[in-house]
Amino acid sequence: MTWIDPHCHLQLADADPMELLTRAPAVDWVVVPGIDLETSRQALALADGRRVLATVGVHPHEASKWEAERDEIVDLAPRGVGIGEIGLDYYRDLSPREVQRAAFREQLELAAQLDLPAVVHCRDAFADVFELVEATGIADRVVLHCWTGGPRWTKRFLDLGVMFSFAGPVAFETGDTVRRGAELVPPERATVETDTPYLSPPPFRNEPNEPARVALVGAALAGVWGMSPDDVARTTSAAATRIYRP
Ligand SMILES: [Zn+2]
């Protein structure tokens with residue numbers, strides 16, 4: 001049984017990225033998303049086109065950098081396999097919301113122009129993410145990463161046509177709402193990820209996360225969907241391949 005971890009910030013981990021990959025022999029390949037210009041460059045530097053792929057983008061926490069970094073991000077973007085991590089975060093509000101929306105909209109448009117998937121972070125901003133994704137008309141190329149929406153928003157985004165990626169929260173003891181949302185998602189519409197070095201699944205909640213733990217996220221989803229972990233690995237790997245290696 002092998003897995004794909006399509007969302008791990010190896011460049012943000014304290015540990016050596018190559019060692020983390022060595023410790024994950026069951027992980028076929030990974031995608032390393034940028035969160036600003038510097039980390040997008042680092043992601044591209046790690047990418048080898050085989051086991052490590054990269055995406056380029058400015059995260060909502062860093063959206064205040066978008067104006068200054070836009071031109072270089074646009075130049076780098078064709079070297080990645082997607083635009084991300086982009087989106088809106090009204091929970092931590094680390095950049096003004098208007099600034100977040102402008103950066104998100106422009107980067108969704110960049111994904112559309114380059115015919116690349118968009119990797120989207122959505123926290124306490126469901127209505128605005130929905131509106132901007134719908135307006136850009138590329139819902140079928142959007143992956144909602146670390147999806148934590150409950151049934152209502154999951155249903156609305158499903159109907160819009162996006163893909164979902166599940167991370168540690170689906171395995172958390174407190175993850176009932178996430179699991180009730182996940183129940184509604186057809187496995188073909190989903191990937192599993194770690195979001196390394198964040199959100200480590202139990203029993204490693206208090207440790208930095210790493211790609212090897214993608215299997216624990218997959219096992220939690222297997223419970224939700226009533227499938228074998230093997231079938232979850234196969235189905236979500238096929239979905240990740242369609243998204244990032246079409
Ligand atoms: Zn992330």
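All ligand and atom numbering here is 1-based and tracks the order in the structure.
Trp225 and Met1 fall within the same hydrophobic cluster, where Ile, Leu, Val, Met, Phe, Trp and Tyr residues are linked whenever their side-chain heavy atoms come under 4.5 Å apart, directly or through other members.
Ordered by chain and number, His7 NE2, His9 NE2, Glu85 OE1, Asp195 OD1 make up the set of protein N, O or S atoms under 2.8 Å of the Zn ion (ligand 1).
A salt bridge links Arg213 with Glu207: the distance from a Lys NZ or Arg NE/NH1/NH2 to an Asp or Glu carboxylate oxygen falls below 4.0 Å.
Below 30°, between 30° and 60°, or above 60°: for His7 and His145 the angle between ring planes is below 30°, a parallel geometry.
Just one residue in the list Asp195, Thr39, Thr196 forms a side chain to side chain donor-acceptor pair (under 3.5 Å) with His9, and that residue is Asp195.
The aromatic ring centroids of Phe157 and Phe164 lie 6.0 Å or more from each other.
For the residue pair Ser165/Glu193, the side-chain donor-acceptor check at 3.5 Å is satisfied.
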